[in-house]
Amino acid sequence: MSLDSLVVFVHVVAGVALVGHSLSSLYLRAAIGSAESTSALRLWLSLARRSSRLNPIAAMVLLATGLYLGSKGWWTHPWFFASLALFVVSSAYGARTIGAGAGALEEAVGSQPDGAVPPRIDALRRRTSWLVAFDLMVAGDLAAIFLMTNKPGLVGTVGALAVACGVALGIGAALRRGSHAADPHAVPAVGAR
């Protein structure tokens, strides 16, 4: 096995770990959103925090191996720079919006006694900015996989990014509307901050 083959293998494994976590976070987000008690909400938030512990390591491995592979001649391709930009934006935006939102929610529910989820905490877990961040994270991950496997030119790269974001935001908005329509007691989403 050559060094390049080994680096590609490690790159793919790190990518699978991150995308797998991103996709499973949709399930965790749904469980957090539908938890009916503060104890259940604490449990799901704790699981979400523990399941993301290895993400920083996988992200650094993905970045390092990606830069190495880029040095093998991909520096001139638009899809490579788009993938790199997606990585940087997703990492920063995810940490700032998803991580901070989960931390604020965990802190708020931590001081609550066991019982029904109070409206203030329910509003925190239904914040539009937090929910949209999950949608964009999944869109970015799937777009990056498409870019790396298909290696399109500039127009294909821009198109893939636009389609991924549009589809993810549309599906996310439809699911949020559907969940509020199905639950007459649901607290409306609070605008982004």
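Being a predicted model, the structure only gives us computed values, none of them experimental. Position 1 is the first residue of the sequence, and the numbers go up from there.
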A.B. asks: For C165 versus L136, what's the shortest heavy-atom pair and its separation?
C.D. replies: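 Minimum heavy-atom contact is SG-CD2, 4.3 Å.
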A.B. asks: Hey, what do you get for CD1 (I145) to CG (N150), rounding to the nearest 0.5 Å?
C.D. replies: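 Answer rounded to 0.5 Å: 11.0 Å.
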A.B. asks: Does V88 form a side-chain contact (heavy atoms from CB on, under 4.5 Å) with L63? I'd like the steps, not just the answer.
C.D. replies: CA-CA 9 Å; V88 171; L63 179 61; 5.8 Å; no
A.B. asks: Over all heavy atoms of both residues, which pair between A108 and S111 is shortest? Give the atoms and the distance, please.
C.D. replies: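 Answer, listing the atom of A108 first, then S111: O-OG, 3.3 Å.
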A.B. asks: Going by an N to O cut-off under 4.0 Å, is there a salt bridge joining R29 and D135?
C.D. replies: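 Salt bridge present between R29 and D135.
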A.B. asks: Where is the tightest heavy-atom contact between L161 and A143, given as atom of each residue plus distance?
C.D. replies: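 Answer, listing the atom of L161 first, then A143: CD2-CB, 4.0 Å.
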A.B. asks: For the CG atom of L23 and the CE atom of M137, what is their distance to the nearest 0.5 Å?
C.D. replies: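 Rounded to the nearest 0.5 Å, the CG-CE separation comes to 11.5 Å.
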A.B. asks: Taking atom types as modelled, is there a side-chain donor on S46 or R42 under 3.5 Å from an acceptor on the other?
C.D. replies: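 Side-chain D/A pair, S46 to R42: absent.
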A.B. asks: Flag yes if V138 and V89 sit in one hydrophobic cluster, no otherwise; membership is Ile, Leu, Val, Met, Phe, Trp, Tyr, and two members link when side-chain heavy atoms are under 4.5 Å apart.
C.D. replies: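 No, V138 does not connect to V89 through the hydrophobic network.
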A.B. asks: Taking T149 for its side chain and F146 for its backbone only, find out whether a donor-acceptor pair lies under 3.5 Å.
C.D. replies: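 Confirmed, T149 side chain pairs with F146 backbone.
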A.B. asks: Locate the shortest heavy-atom distance separating G153 from P78; write the atom from each residue and the value.
C.D. replies: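 What the structure gives for the nearest pair is C-CG, 3.9 Å.
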A.B. asks: Considering non-hydrogen atoms only, spot the tightest contact between V117 and A35 and give its length.
C.D. replies: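 In this case the closest contact between V117 and A35 is CG2-O, 3.6 Å.
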A.B. asks: Indicate, with yes or no, if L18 and V16 share a hydrophobic cluster defined by side-chain heavy-atom contacts under 4.5 Å among Ile, Leu, Val, Met, Phe, Trp and Tyr.
C.D. replies: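 Looking at the clustering, L18 is in the same group as V16.
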A.B. asks: Look at the rings of F134 and W130 and say which category their plane angle falls in: under 30° parallel, 30 to 60° tilted, over 60° perpendicular.
C.D. replies: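 Perpendicular.
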A.B. asks: Between the side chain of S2 and the main-chain N/O of S5, is any donor-acceptor distance below 3.5 Å?
C.D. replies: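 Side chain of S2 to backbone of S5: a pair is present.
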A.B. asks: Could you check whether atom CG of L54 has more than 12 heavy atoms from other residues, nucleotides or ligands sitting under 6.0 Å from it?
C.D. replies: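 It does not: L54 CG has 12 such atoms or fewer within range.
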A.B. asks: Would H21 and S51 count as having a side-chain donor-acceptor pair, cut-off 3.5 Å?
C.D. replies: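 S51 and H21 do have a side-chain donor-acceptor pair below 3.5 Å.
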A.B. asks: S37 side chain to A40 main-chain N or O, any donor-acceptor pair under 3.5 Å?
C.D. replies: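 Looks like yes, one N/O pair under 3.5 Å.
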A.B. asks: How far does CG of N55 sit from CE of M60, to the nearest 0.5 angstrom?
C.D. replies: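 Answer rounded to 0.5 Å: 11.0 Å.
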A.B. asks: Give, for atom CG of L41 and atom CG of D114, the distance between the pair rounded to the nearest 0.5 Å.
C.D. replies: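 Result: 11.0 Å between the selected atoms.
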A.B. asks: Do side-chain atoms of K151 reach the backbone of M148 as a donor and acceptor pair under 3.5 angstrom?
C.D. replies: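 Yes; judged by distance alone, with no hydrogens or angles, the pair exists.
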A.B. asks: I'd like to know if L169 and Y93 are part of one continuous hydrophobic network [Ile/Leu/Val/Met/Phe/Trp/Tyr, side-chain heavy atoms within less than 4.5 Å].
C.D. replies: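 Same cluster: Y93 reaches L169 through Ile, Leu, Val, Met, Phe, Trp or Tyr contacts under 4.5 Å.
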A.B. asks: Just by distance, with hydrogens left out, do S22 and S25 show a side-chain donor and acceptor under 3.5 Å apart?
C.D. replies: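 Side chains of S22 and S25: no pair found under 3.5 Å.
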A.B. asks: Got a sec, which residues hit salt bridge (charged side-chain N to carboxylate O under 4.0 Å, His left out) with D141, two or more places apart in sequence or on another chain?
C.D. replies: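 Scan of D141 (salt bridge (charged side-chain N to carboxylate O under 4.0 Å, His left out), adjacent residues dropped) gives none.
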A.B. asks: Could you state whether I57 and Y68 fall into the same hydrophobic cluster, counting links through intermediate Ile, Leu, Val, Met, Phe, Trp or Tyr residues with side-chain heavy atoms under 4.5 angstrom apart?
C.D. replies: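 No.
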A.B. asks: Any donor and acceptor pair, going by atom type alone, linking the side chain of T38 with main-chain N or O of Q112 inside 3.5 Å?
C.D. replies: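 A pair under 3.5 Å: no.
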A.B. asks: With side-chain contact (heavy atoms from CB on, under 4.5 Å) as the test, would you mind laying out the steps for L86 and L147 before giving the verdict?
C.D. replies: CA-CA 11 Å; L86 277 172; L147 294 177; 4.2 Å; yes
A.B. asks: Kindly indicate whether the side chain of L43, heavy atoms from C-beta on, has any atom under 4.5 Å from the side chain of L47.
C.D. replies: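 Counting from C-beta outward, L43 and L47 never come under 4.5 Å.
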A.B. asks: Enter the distance from D122:CG to R127:CZ here, rounded to the nearest 0.5 Å.
C.D. replies: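 Going from the CG atom of D122 to the CZ atom of R127 covers 12.0 Å.
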A.B. asks: Is there any ring-ring contact (aromatic ring centres under 6.0 Å, His included) pair reaching into residues 40-64, and which pairs are they, with sequence neighbours excluded?
C.D. replies: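 The answer is Y27-W44.
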A.B. asks: On a heavy-atom basis, which atom in A58 and which in A14 lie closest, and how many Å separate them?
C.D. replies: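 Looking at all heavy atoms of both residues, the closest pair is O-CB, 3.6 Å.
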A.B. asks: Once rounded to the nearest 0.5 Å, what's the spacing between atom CD of E106 and atom CD1 of I121?
C.D. replies: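 Between atom CD of E106 and atom CD1 of I121 there are 11.5 Å.
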A.B. asks: Side-chain heavy atoms under 4.5 angstrom apart, residues restricted to Ile, Leu, Val, Met, Phe, Trp, Tyr: same cluster for W79 and F81?
C.D. replies: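 Looking at the clustering, F81 is in the same group as W79.
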A.B. asks: Applying the side chain to side chain contact (heavy atoms under 4.5 Å, CB included) criterion to R125, which one of L131, L105, V109 satisfies it?
C.D. replies: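 That would be L105; it is the only one of L131, L105, V109 passing the side chain to side chain contact (heavy atoms under 4.5 Å, CB included) with R125.
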